[in-house]
Amino acid sequence: MADQRSEREEILSKLADSVYKNEIVELIDISSMDFTFSDLSEVMADRMTATGAKLRATVFIRASFRDCDFDSADLRSCNFEHVDIADCFFRDANFYKSTMRFASINISFCDRACFDEVDLTNGNLLDTAFNGSTFRNANLSGVNAKDANFRDVDFTGANLAYGNFEGANFINAKLDGVKWAGANIIGARFDEGVLELIQKEL
């Protein structure tokens, strides 16, 4: 336990130093480690491995991640405002109740992840896969999710108003109680008969 605590403090110190120097850190491995309640604001990380990491209630404001692996990570109640993410993996990750306003998760894989009750207002989810994920009662108003893959996603009670879903895939998605007002669904794919019902709400 003491060794892990020492390693945790060493990694946090390295990350803080990289922020101070405005440098990108590479190849850090925090898999299965506990960084609950940490402040990783403005960290820039490439090829970080955080599989199964415990990061609940951590602050990631204006952080940047490229080619990182957060599969099965605990990211509940985190603050991802203005985070910039691309080419990353978040399969089976848990974002429950996280704040993600103006966050960008682009060209990434978030299959089977939990985004229930997250606030993704004005975020970017361009060309990202969310197959089998859940967005129950989430706020995605104003989100840009062009060409995103939402196949088998549960959007029950979600707010998608004024979002851009051009070319997105909603095949087999659960859409009960979804708010669609003002959303762009040009070229989006739905199960037979669903599009006609949504167009009545736009």
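Everything quoted here is computed from the prediction, not taken from an experiment. When reading the values below, keep in mind they use all heavy atoms of this one structure, side chains included, and skip hydrogens, waters and symmetry mates.
Looking only at side-chain heavy atoms (C-beta outward), Phe115 and Asn94 stay at 4.5 Å or farther from each other. Between Asn149 and Asn131, the closest side-chain pair of non-hydrogen atoms falls below 4.5 Å. Between Lys174 and Phe155, the closest side-chain pair of non-hydrogen atoms is not below 4.5 Å. Between Phe130 and Phe109, the closest side-chain pair of non-hydrogen atoms is not below 4.5 Å. You'll find the side chain of Leu40 reaches within 4.5 Å of the side chain of Leu12, heavy atoms only. Side-chain contact between Glu23 and Met44 is absent, with no heavy atoms from C-beta onward closer than 4.5 Å. The closest side-chain heavy-atom distance from Thr58 to Phe37 is not below 4.5 Å. Here the side chains of Tyr162 and Val143 are not in contact, with every heavy-atom distance at 4.5 Å or above.
Considering all non-hydrogen atoms of both residues, Ser98 and Arg76 come closest at OG-C, 3.9 Å. Cys68 and Ala45 get closest at one heavy-atom pair: SG-O, 3.6 Å. Of all non-hydrogen atoms in Thr128 and Ile105, the two that sit nearest each other are OG1-O, 2.8 Å. Scanning both residues, Ser133 and Cys110, for their nearest heavy atoms gives OG-O, 2.6 Å. Closest approach of Asp119 to Arg101, counting heavy atoms only: OD2-NH1, 2.9 Å. The minimum heavy-atom distance between Phe90 and Asp71, with the atom names listed, is N-OD1, 3.6 Å.
Residue Arg62 qualifies as open at atom CZ: its count of foreign heavy atoms under 6.0 Å is 12 or below. Phe190 CZ: more than 12 foreign heavy atoms inside a 6.0 Å radius.
For the residue pair Thr49 / Asp29, no side-chain donor-acceptor distance below 3.5 Å is found, with atom types taken as modelled.
Between the side chain of Thr99 and the main chain of Val118, no donor-acceptor pair closer than 3.5 Å is present. Panel note: side chain Asn169, backbone Phe150; no donor-acceptor pair is recorded below 3.5 Å. Between the side chain of Thr156 and the main chain of Asp154, no donor-acceptor pair closer than 3.5 Å is present. Put simply, the side chain of Ser72 never gets that close to the backbone of Gly52: no donor and acceptor are under 3.5 Å apart. Here the side chain of Asp92 pairs no donor or acceptor atom with the backbone of Ala113 at under 3.5 angstrom.
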Report task. Report the C-alpha separation of Asp191 and Ile171 in whole Å, then their side-chain angles, then the decisive distance to 0.1 Å, and conclude whether the side chain to side chain contact (heavy atoms under 4.5 Å, CB included) test is met. Result -> CA-CA 5 Å; Asp191 292 323; Ile171 297 297; 3.5 Å; yes
Report task. Would you sort out whether Asn164 and Asn144 count as a side chain to side chain donor-acceptor pair (under 3.5 Å), showing the intermediate values? Result -> CA-CA 5 Å; Asn164 178 21; Asn144 184 6; 3.0 Å; yes
Query - Chi angles and distances behind the side chain to side chain contact (heavy atoms under 4.5 Å, CB included) call for Asp69, Arg47 - result: CA-CA 7 Å; Asp69 186 346; Arg47 291 177 289 171; over 6 Å; no
**Report entry** CA sep, side-chain torsions, deciding dist, call: Cys114, Phe95, side chain to side chain contact (heavy atoms under 4.5 Å, CB included)
**Finding:** CA-CA 6 Å; Cys114 174; Phe95 290 87; over 6 Å; no
Query raised in the report: After noting the C-alpha distance and the side-chain angles of Asn184 and Phe165, does the key distance pass the side chain to side chain contact (heavy atoms under 4.5 Å, CB included) rule?
Result: CA-CA 6 Å; Asn184 174 16; Phe165 300 99; over 6 Å; no
Query raised in the report: What's the verdict on side chain to side chain donor-acceptor pair (under 3.5 Å) for Asn172 and Asp152, showing C-alpha distance, side-chain angles and the deciding distance?
Result: CA-CA 5 Å; Asn172 205 38; Asp152 300 312; 2.5 Å; yes
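Using a cut-off of 4.0 Å between Lys/Arg side-chain N and Asp/Glu carboxylate O, Arg66 and Asp87 are scored as not salt-bridged. A salt bridge does not link Arg91 with Asp111: none of the charged nitrogens is closer than 4.0 Å to a carboxylate oxygen. With respect to Asp74 and Lys54, no salt bridge is recorded, no charged nitrogen being found less than 4.0 Å from a carboxylate O.
Phe70 has its ring centre less than 6.0 Å from the ring centre of Phe65.
With rounding to the nearest 0.5 angstrom, the CG atom of Asp84 is 13.0 Å from the CD atom of Glu42. Atom CZ of Arg56 is separated from atom OG of Ser77 by 7.0 Å, given to the nearest 0.5 angstrom. Once rounded to the nearest 0.5 Å, the distance linking OG of Ser64 with CG of Asp46 reads 7.0 Å. Rounding to the nearest 0.5 Å places OG of Ser13 at 10.5 Å from CD1 of Ile11. With values rounded to the nearest 0.5 angstrom, Glu117 atom CD is found 10.0 Å from Thr134 atom OG1. To the nearest 0.5 angstrom, His82 atom NE2 is 5.5 Å from Phe102 atom CZ.
Under the 4.5 Å side-chain contact rule for hydrophobic residues, Ile85 and Ile28 share a cluster. Cluster annotation: Leu125 is connected to Ile185 through the hydrophobic network of ILVMFWY side chains, with a link wherever side-chain heavy atoms come within less than 4.5 Å. When hydrophobic clusters are built by joining Ile, Leu, Val, Met, Phe, Trp and Tyr residues whose side-chain heavy atoms come closer than 4.5 Å, directly or via intermediates, Val19 is grouped together with Leu15. Grouping the Ile, Leu, Val, Met, Phe, Trp and Tyr side chains by contacts below 4.5 angstrom, directly or via other members, places Val25 with Val83. Placement of Met48 and Met33 within a single hydrophobic cluster is found when ILVMFWY residues are connected by side-chain heavy-atom separations under 4.5 Å, directly or transitively.
Judged by the 6.0 Å distance and 45° axis criteria, Arg8 is positioned over the aromatic ring of Phe35.
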